[in-house]
Each structure stands twice: as C-alpha cells, then as structure tokens.
Amino acid sequence: MTKTRKLATLLATVSFGALVAGSASAESLQDVMKRRGLTDNDVMAAAKTYNPTGKLDEFMVFSSGGQSGQVIVYGVPSMRILKYIGVFTPEPWQGYGFDDESKAVLKQGSEVQGRTILWGDTHHPALSETNGESDGQWLFINDKNTPRIAVIDLRDFETKQIVQNPILQSEHGGAFVSPNTDYIVEPAQYAAPLGGEFAPLEQFNEKYRGAVTFWKFNREHGRIEPENSFSLELPPYSQDLADFGKGPSDGWAFVNSFCTERYVGGIERGRPPFEAGCSAKDSDFLHVINWKKAAELVKAGKAKKINGHNVLPMDVSVAEGILVLIPEPKSPHGADVTPDGKFITVSGKLDSHTTVYSHEKIQAAIAAKKFSGKDEYGIPIISLDDAAHKQAALGLGPLHTQYDSKPCVAYTSLYVDSMVAKWDYCEGKVLDKVSVHYNIGHLMAMEGDTSKPKGKYLIALNKLAIDRFAQVGPLHPQNHQLIDISGDKMQLLYDMPLPLGEPHYAVSIETGKLKTNVRYPFGTDSRTEKKSPFAVRPGQERIEKKPGKVEVFGTLIRSHITPEIVEANEGDEITFHLTNLERAQDETHGFAVSKHNVNLSVEPGKTASATIKANKAGVYPYYCTEFCSALHLEMEGYLLVQPANYKATGVKGKEGQVYGQKEYDARVKANTDTQAVINSVVGYITSVNFKDFPAVVAMVEDATEQLGYAEQNKKKSEEFAAKGDYNAAFLWAEQWFQYQVKAADIGLRAKTFLEQNGAKKVEAAK
Ligand code: RUQ
Ligand code: CUA
C-alpha cells in the first residue's frame, strides 16, 4: 500500500470506528443481567461506578504501594488505576532510576551506610494542605523500613526529593502534614539508640529511645529543609501513628504508641515472644506534643545535635511542658483528629473500645497541672477520665477512623470483625455496619482526614483477598473495596485488586483540585524543576568529544532521534542529553540503548540524560520505547563502539536502494495529494471555535510546526532535484511526507476531539 493510501485509510478508519462504537447491542439489559447472574443491586453498583469512555473520575486516590516502594494512583468511583509513581524503587517506564536526573533523587534515599537500598515499605501517603484542606500541590510518603520521607510534586507526579531520617532505625507513623504543610511528621516505630549507635538490649531502658521527627517543608521551593527540621526524644515505646491538630488544636500533634511495657522478647533465649510482652498491659500512651513551642525551643538553641540533626531531649520537653501522655486502651492504633480539630479518636486493637479524646479537656488538665502521675522518664500523665470525651464499643479489633462531610459522623475499621462501623463520635453510638472482605486495615473517606471531608465514598483497604479474585498463585493481590456512604446505609460497590505490594493507607482529593502540567517548559530538568543546562534547540544538536568522553546533545521529535549515529571508542564514557521538542500533549519519547540498562522517558519539553560506560566494542542500536507515531519503529540510531586501535576501512558505503526521477515525481504528486487532505482537515478546524479548547490549540500549534518542517524539507528536495540528484531529492521528499503525516495525525486527533466536544461553527474571518 502506498503511504498516501495509508493516510486515506487512516482517515476512513476514524469515521468507521465512530460508527461501530455507536451501534446498539441486540441484547436487552434484562438479558445481560440474566446471562451474568446480576441482581438489581449489582446493576445499581455498576451504574454508580461505571465511567463511560472519556468520563473522568470525581476523586483521585493516592495509595501507598506497600513493599513496592511506589505510590499507586487511581480514580473513584471507577477504581481505574492511572499510574504507579516511582518513589523508593526504580520504575523503568518513567525512566525513574535510569536517567541521570532521577538517579540523583533516588540516590538521596538509597545510599545508606555504603549499602544501596532499592525498595521501600511505604505506609502513609499525605497530601499537602492549606488551612487544613487538601490543596493538590504535593504528596509525601514514608518508608517504614529505612526511615525516609519522599516529596512528590503533583504538577507532574514525579518524586523530587527523598530525605533520610538521621536518627531513627525504623519508623511508622509518617507522613502526616500540619494544616498549612509547614511540617511533616515522622514518628519512630521500634526503639533503638538514636543516631544508629550500638547498645545491648540489656540497656533498653537507658539507651534505646523513641522519637518523633518534624520535617520542615518549604512550600516556595517545594522541598524539605533538613537543616530546619527537628525531633523530640521520646521514651522507648513503639510510637505509631500520628496526626496534627487543626483549628482549636492547631499547634499540637498526637502520636499513639504500643509496647509501653518496653518488653524485650527473645524466643531463643527462652523468653516469651514480643507479642506476649508487648500487649500485656491494659493501656499504652497517647503522646501529646506542642510542636509549635518545640520549634521555638529548637530555634532558641535548646536542642542537642545527633548526626547534625536537632533533637530536643526529653527533660527539656518535660521542663518546658510541651509533652504529656494519656493512657489509651490496649494495643492502640491510629490517632485521628476530627475535622473541627476538637477531638482525637484512638482505637484499641485488643479492646472493643474506641476512645474520643477532647482537646479542650486535655488543655484544661495541662493548664491546671492536673496529672495522675509520671512515667519512668518523668513525663506527666493525664488520666483517661480527665481527657476522654466518649468511649464507644464499635466491634472487634477497631483500628483507624475517618470522617464524613456530615457532622459527628465517623467510620472506623474493625480488623477482627472484617467490618466498617459508621458511628456518631459526638454521642458515641453506632449508626450502621457493613462487612468487607477481608480483614480491613486502614479505611479512607474522600478527603476524610482533612478539615473539609467530602463524604460520598469510602475505601476499605483490606489485608486479605482470599476468594475475591481468580487465583494467581499463593501470593494474592490486596483488595480495595469501594463503599457508597452517601445514604444512611453503607453499600459495598466494587472490589479492586491491587497487584503491587500491601497498600497501607491512601488519601484522596477532588480531581478538579489537581493542576497538572501536560508539558514542560522547553528543556526542563523535571527533577530539579529548572532549565537543564543540557537542553538544545532543533538545529543545535552536537556531539562533543574529549579523551575518554563523548557527550551527545540531542533532540527527539516524531520520529527521529538527532543524532542518529554516535561513534565512540571502547572504554569511553558516553552521556546522552536528550530534549523532547514536542509540544503536543502525550507525545512522549523513550530512549533505550541496547544492552546498556538505559531507558529514558522524555515527555514533551523535558531534557533527560543517561551516562553509560562503553566497556565493550560493538554495534548497539538505540531506539524510542514509546509508540509515538506511525514511524515509531523507525525512530532508531546506532551507537558504534570501536575497538582499541580500530582503523577505518576506507570502503565507501553502498545504498540499499537507489531512486530516480520517476520515483521523485510520484512522491511529489503523492505529497501534493496529501496536502489537499491536510488542507481539508485544517479547513474544518479553522471553521469552528477551536480556540476555545486549549488542548486543541496546543495540537494546532504542533501541527503547524510539523507543516513548517514539511515545508523546509520540500525546499531541500526541490534543491536536489534542481541539481539532478534525484536520489537525495526523493529521500528529502519522503521526509517532507513524514512531516505531513505527523501534521495530519495531530490534525485528525484535533478534529475528533472537536467533534466529540461540541465545537461550533464560527464565521469565517474576512
Ligand atoms: S498501619 S492497619 Cu497505618 Cu502501617 Cu494501620
Ligand atoms: Cu518516539 Cu517512538
């Protein structure tokens, strides 16, 4: 088939496709329900979750990726997965950990005491907030195993920074943000000497410590400032989850804990295991911390330095009255501040009670110095009676709590019961319960941990999937279940398998609040978010050679890589800097070099680099790894690594195929016909109000650019024809055609978009 005919077929397929999509099925809804064994309730659930093609989800969810060390992004109510964001683990599709720029980010977190850690145990993502409401600007996530916090910019969903905790050996309760995201909290989990020194377990009480770190976040730069961050030294209890106060409780932080018994197991030493000793007492402690005052004390020089990091010693915190403890029922988990900031909810895993603490009561006790005693480290304790607002028996194994948009309504996960309890935390009474499958950990209502929860949906993050999905071997996916909470009764709507680690917690946001970029400003290093010093404009591509080093400053555009041939000597270090010249949305190019562990994802406007060692002579094809256009497979080139002492043969290459005037004339005719097709598409686009559609404006800009390139190549082909070099003339005419195809491709995309989005005719400009 000639290429012009291909284009004509392409045009025809577009309208044929529309025809097929529009044709109705012969089966009735009742027939389908019968055939698939669906009840009315099932169909209702389907109708509440189904998104017809092109319809966007109302909410976006950012879920921990568990042991994958990544973040999973999906939509609600459709539960369609949209992205895995590479965070603590390399992610080849995004080039994360494969280009020089992202390697630098990954390395901030992966180089630990001379070891390279390429996974993470992510638990708690947190969205940035302004006045306690999710603002859609940043996402933070922790690693429990190698205590770290990562910063993801939601303009492009890329990880920008990872900070290692300088004093902890393990953590759990990060990341949670203060109401204006000036701090991110990261509490320890398993106690150890702060700073990583050795101490025998016999000195657990004296030398082992817990802590809570407050990372200072600079909103202007979008980065954590380790030098302005600080920690509070805490007793060697297992600190657990945390939350920041808001409204009346702004300035305070709440951290629950377990194993305040400070039990040290040792089965092989003949001792009962940790689980026996760490759950023996009837209560543990909620840590109540005045973090604003703590920050001032650090500024005033009251902290000591451990590994260069500011740590407020316990005796200072006690003397300054910024740290108190309150008993929490047996093996507590979660500390969730209510939207109005008046209460804190904590559940006891081994107690059927969930306790609602009153911030007002806590403050009254602190002001009156009404303490029931002190712990062994001298920290004052407020009695449960003096701090509790209500206790409610919700069911077995209560864990985490989230809030509804309706006043006083909360949802608590019941691990042992495998249920969600809906209850009234003002009155302390149960309103409804629904079963989930199976053994729920966290749960998450839409923006349900902020000061303005949105209600509507709740997600149960279940630990087990058992019989919910087709078997995929003994390792099952996790199961996120979507629940409709808009009515009085909760309704289970949807099961979603998550095949990537155990997602502990998730956060959500109204989709409309996210302001994502569709392209980068020309030549952006996305990881620093600054202009890359290696970006080049079209026509400025070059290769610089120094002894032992080859540096390529190249570009990518449909569908070629400039340069297409790179020569190096065995042993050279080669760096490719590639800039994607595209402006059209979604025109990403990849870049892979045979056998060299390189895969870049270069989105429109981005500049990314890859440094490789050419340690073995050979011929290494490189190519684009994203199907970017009809000529994607031809987006290729060669890295020629010459052996030492290689002498050029002096043999002149022979063309695989030679063209003459006949082929040239036919090509020109075909191009002229193609131009007529393009003109008709352009005619349509300019006849409607395309300027009202920003996505189309970008496409039109791109198509215009492609046509400009077509015009340049047309001139070149004509120059060669005039000189009688028809072989070159034909080949440049081919390239002219390639640009026409790209312009037509984009033009058709724009036309379809306009037709489907109700573009209207405009009066022709006079
Ligand atoms: S945890 S199931 Cu957040 Cu790591 Cu509670
Ligand atoms: Cu660029 Cu395929």
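Each ligand, and each atom within it, is numbered from 1 in the order the structure gives. Keep in mind the model is a prediction, meaning the values are calculated, not measured.
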Of all the N, O or S atoms in His172, the one nearest to atom 4 (Cu) of ligand 1 is NE2
With atoms numbered from 1 as shown, which atoms in ligand 1 lie under 4.0 angstrom from a non-hydrogen atom of Leu241?
-> 3 (Cu)
Salt bridge between Glu626 and Arg558, side-chain N to carboxylate O under 4.0 Å?
-> no
Tell me whether the centres of the aromatic rings in Phe576 and Phe553 are closer together than 6.0 Å.
-> no
State whether the number of non-hydrogen atoms from other residues, nucleotides or ligands found under 6.0 Å of Glu701 atom CD is greater than 12.
-> yes
Considering heavy atoms of the protein only, find what lies nearest to atom 2 (S) of ligand 1 and give residue, atom and distance to 0.1 Å.
-> His400 NE2, 3.4 Å
Would you say Phe522 has more than 12 foreign heavy atoms packed within less than 6.0 Å of its CZ?
-> yes
Ring centroid separation His123 to Tyr505 under 6.0 Å = no
Within a distance under 4.0 Å of any heavy atom of Gly441, pick out the atoms of ligand 1 and give their elements.
-> 2 (S)
Output the list of atoms in ligand 1 that are nearer than 4.0 Å to some heavy atom of His333, sorted by atom number.
-> 1 (S), 2 (S), 5 (Cu)
Hey, which N, O or S atom on Glu626 ends up closest to atom 2 (Cu) of ligand 2?
-> O
Give the single entry among His442, His123, His504 that approaches atom 3 (Cu) of ligand 1 most closely by any heavy atom.
-> His442
Considering only NZ, NE, NH1 and NH2 on the basic side and carboxylate oxygens on the acidic side, decide whether Asp143 and Arg148 come within less than 4.0 Å.
-> yes
What are the atoms of ligand 1, with element, lying closer than 4.0 Å to any heavy atom of His124?
-> 1 (S), 3 (Cu), 4 (Cu)
Kindly confirm whether atom 2 (Cu) of ligand 2 is within less than 2.8 Å of some N/O/S atom in His632?
-> yes
